[in-house]
Each structure stands twice: as structure tokens, then as C-alpha cells.
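In this text, all values refer to a predicted model and were calculated from it rather than measured experimentally. Any value given below was found using the heavy atoms of this structure, including those in side chains, with hydrogens, waters and symmetry copies removed. Lettering of chains follows the sequences in order, A, B, ..., and the numbering in each one begins at 1.
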Protein chains: 2
Amino acid sequence: MDSCPGNGPKSQYQAVRDTLDVVSGRWKLVILAALFARPFRFRELSREIGITPRILTKELQELEQHQLVSRTVLDTRPVTVEYACTAHSRTLLPVVQAMSDWGYLHHEVVVGQKRPDDPARPSNLGAH
Amino acid sequence: MDSCPGNGPKSQYQAVRDTLDVVSGRWKLVILAALFARPFRFRELSREIGITPRILTKELQELEQHQLVSRTVLDTRPVTVEYACTAHSRTLLPVVQAMSDWGYLHHEVVVGQKRPDDPARPSNLGAH
DNA sequence: CTGTATCCCGTAAGATACTG
DNA sequence: CAGTATCTTACGGGATACAG
């Protein structure tokens with residue numbers, strides 16, 4: 001209420017910062033985007049998005065601490081681990097969706113052309 | 001469509017990455033959030049969000065290169081410079097809005113209480 | 001006031017190899 | 001397969017002082 005009417009002026013920035021603190025780096029939102037589609041096993045996820053094991057481990061641990069991914073050890077032979085999104089992480093879907101949408105848009109603006117496999121802008125994030 | 005039905009599987013991650021490449025770091029989206037409310041002068045913006053001049057310069061330059069902020073030199077004495085959001089940057093509003101919303105939500109979840117000045121969740125981003 | 005110039009540090013993140 | 005251990009590099013980002 002210092003300069004602009006209405007409410008929560010600076011806390012608005014703080015809210016953005018709070019979110020950035022949780023999904024910082026250039027991997028967490030990509031990981032979540034993948035897990036929104038379907039669960040993945042460790043190695044599978046690693047290859048899917050092109051991230052090295054070391055980084056993936058760290059990112060997944062941080063996401064787990066924030067209740068944004070679930071880790072399930074499957075009783076297979078050899079043991080496999082499945083990572084999936086959580087109810088809480090699903091509240092981040094609008095963020096990921098908005099970023100995904102904008103990524104397409106910006107690509108068109110900058111490159112001036114659409115991507116090959118882009119029928120009519122999917123939006124199939126929560127479609128598993 | 002390697003594994004999941006529908007369309008654009010991996011390009012979805014790529015779209016998120018494209019966006020992250022543009023708004024990376026923990027300042028650009030905060031800067032845009034501020035400029036969505038109203039234009040700011042350099043020093044004013046620096047103080048508003050608590051960022052040092054050096055970083056602010058760099059961030060603004062990068063945003064300018066992506067056509068996400070406009071820089072206007074005002075003929076005052078001494079000279080002042082006004083930064084404002086652009087038409088293109090306004091397309092990022094959903095991203096910033098989603099992040100802002102989630103920041104509030106997450107704060108409530110984690111801290112278990114709302115902020116002082118939070119009547120009913122504002123959403124006054126594009127309200128200038 | 002609007003920036004720039006240094007100096008400096010912590011950490012994100014990649015490469016590679018290895019263990020259970 | 002799921003992860004860990006090092007080692008290394010790049011860069012984001014802060015402090016401070018200075019210039020136009």
C-alpha cells in the first residue's frame with residue numbers, strides 16, 4: 001500500500017521469490033513436467049530429459065524434501081525405483097503449463113516457425 | 001510419440017527449458033512482476049526489489065535483448081531512465097501469476113498461516 | 001541518478017568412474 | 001538398475017567503489 005492501490009505490493013514479489021526458491025535451477029520444473037505425464041524410473045528419467053545421474057539424484061532429493069515427488073522402491077529383480085508426482089506437486093501444474101505454453105510461443109516469435117511435431121499445441125500435461 | 005499417447009512428448013520439456021533459458025536466475029521474473037505493476041526507474045527498481053545495481057544492469061540488459069523490457073531515457077535533469085514491460089513480456093504474465101499464486105499457496109502449506117496483508121489473495125498484477 | 005569496474009565466493013552442474 | 005564419489009569448470013550473484 002505504498003504506491004499502488006489494492007493490496008500486497010511487495011509480498012507479490014516475495015511470493016514469486018518463494019516459488020523460485022523451491023523450483024530453482026533449470027531441472028526441477030523439467031523433471032516435474034516429465035512426471036506429470038507419467039511415473040519414471042531413475043535411469044529412464046535420466047535418459048528422458050538428458051540429465052546426468054549425479055544431478056538427478058540431487059534434484060530428486062530436493063523435490064522429495066518439498067513433497068513434490070514420491071519415491072517408491074519396487075520389489076523387482078534387480079530393484080527398481082519409481083518416481084512420481086504428488087498431490088502437492090500437481091498444484092505446480094499451472095506454473096509448468098504456463099511455462100510450456102510460453103516456451104512454444106516464444107519459440108515461434110524468435111524462430112518464426114513452429115516445431116515439427118506441433119499439431120495444434122498439445123497441453124497434454126496432466127494426461128496420463 | 002514414443003511412449004505416451006497424444007502428441008509432443010519431449011518437445012514439452014524443451015518448451016519448458018526454452019522458457020527457463022530466458023527467465024533463468026532468481027531475478028528476472030521478480031523484475032517483471034514489478035514492471036507489470038508499473039514502470040520503474042533504475043534506482044527505484046533497485047530498491048523496490050532489493051537487488052544490487054550491478055546485477056540489475058545485467059538482468060535488464062538480458063531482458064531487453066529478449067524484448068521483455070523497454071528502456072526509455074527521460075529528458076530530465078539529471079537524466080533518468082524508465083524501464084517498463086513490453087507487449088511481449090505481458091505474454092509472460094500467466095507464468096508470473098502462476099508463480100505468485102503458488103508462492104502464496106506454498107507459504108500457507110509450509111508455514112501454516114497466511115501473510116499479514118493478504119485479504120483474499122489479490123492477483124493485482126496487471127492492475128496499473 | 002544511471003550505470004561500470006573490480007574483487008570475490010558459493011554453488012549449480014557437467015564428465016567420468018565406480019559401488020551395491 | 002540405482003545411485004555415489006571426485007574432480008573441475010562456469011556462472012550467478014553480492015559488496016564496494018567509482019565514473020559519467
Query raised in the report: Between B:Pro53 and A:Phe42, who's closer to the 5' end of DNA chain D by nearest nucleotide?
Result: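 Taking each residue's closest nucleotide, the earlier one in sequence belongs to A:Phe42.
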Report summary line: Heavy-atom nearest nucleotide on DNA chain D taken for B:Arg43 and for B:Thr52; more 5' hit belongs to B:Thr52
[atom1] of [X] versus [atom2] of [N]: gap in Å, rounded?
X       : N      : atom1 : atom2 : answer
B:Ile49 : D:dG14 : CD1   : C1'   : 14 Å
A:Phe40 : D:dA2  : CZ    : C1'   : 17 Å
A:Leu29 : C:dA13 : CG    : P     : 11 Å
B:Leu56 : C:dA5  : CG    : C1'   : 16 Å
B:Ile51 : D:dA15 : CD1   : P     : 11 Å
B:Ile55 : C:dG10 : CD1   : C1'   : 13 Å
B:Leu20 : C:dA12 : CG    : P     : 15 Å
A:Leu60 : D:dG3  : CG    : P     : 8 Å

Query raised in the report: Is it the case that B:Ser100 and A:Gln12 place a side-chain donor and acceptor less than 3.5 Å from each other?
Result: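 A:Gln12 and B:Ser100 do have a side-chain donor-acceptor pair below 3.5 Å.
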Requested in this report: Check the angle between the aromatic planes of B:His88 and A:Trp102 and answer parallel, tilted or perpendicular using the 30° and 60° thresholds.
Outcome: parallel
Report task. Give the ring-plane orientation class for B:His66 versus A:His106, where under 30° counts as parallel, over 60° as perpendicular and anything between as tilted. Result ->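 B:His66 and A:His106: tilted rings.
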Query raised in the report: Where the side chain of B:Trp27 is concerned, which of D:dG14, D:dT4, D:dA2 is the nearest nucleotide?
Result: D:dG14
[N] OP1/OP2 closer than 4.0 Å to side-chain N/O of [X]:
X       : N      : value
A:Gln61 : D:dA2  : no
A:Arg54 : D:dT8  : no
A:Tyr83 : D:dC1  : no
B:Arg26 : C:dT11 : no

Query raised in the report: Would you call A:Arg38-A:Glu44 a salt bridge at under 4.0 Å N-O?
Result: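 Answer for the salt bridge query: yes.
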Under 4.0 Å, counting only non-hydrogen atoms across every strand here, what does [X] touch: a base, just sugar-phosphate, or nothing?
X       : answer
A:Arg71 : sugar-phosphate
A:Glu62 : nothing
A:Glu59 : sugar-phosphate

Query - Pi-cation contact, A:Tyr13 with A:Arg17 (under 6.0 Å, within 45°) - result: no
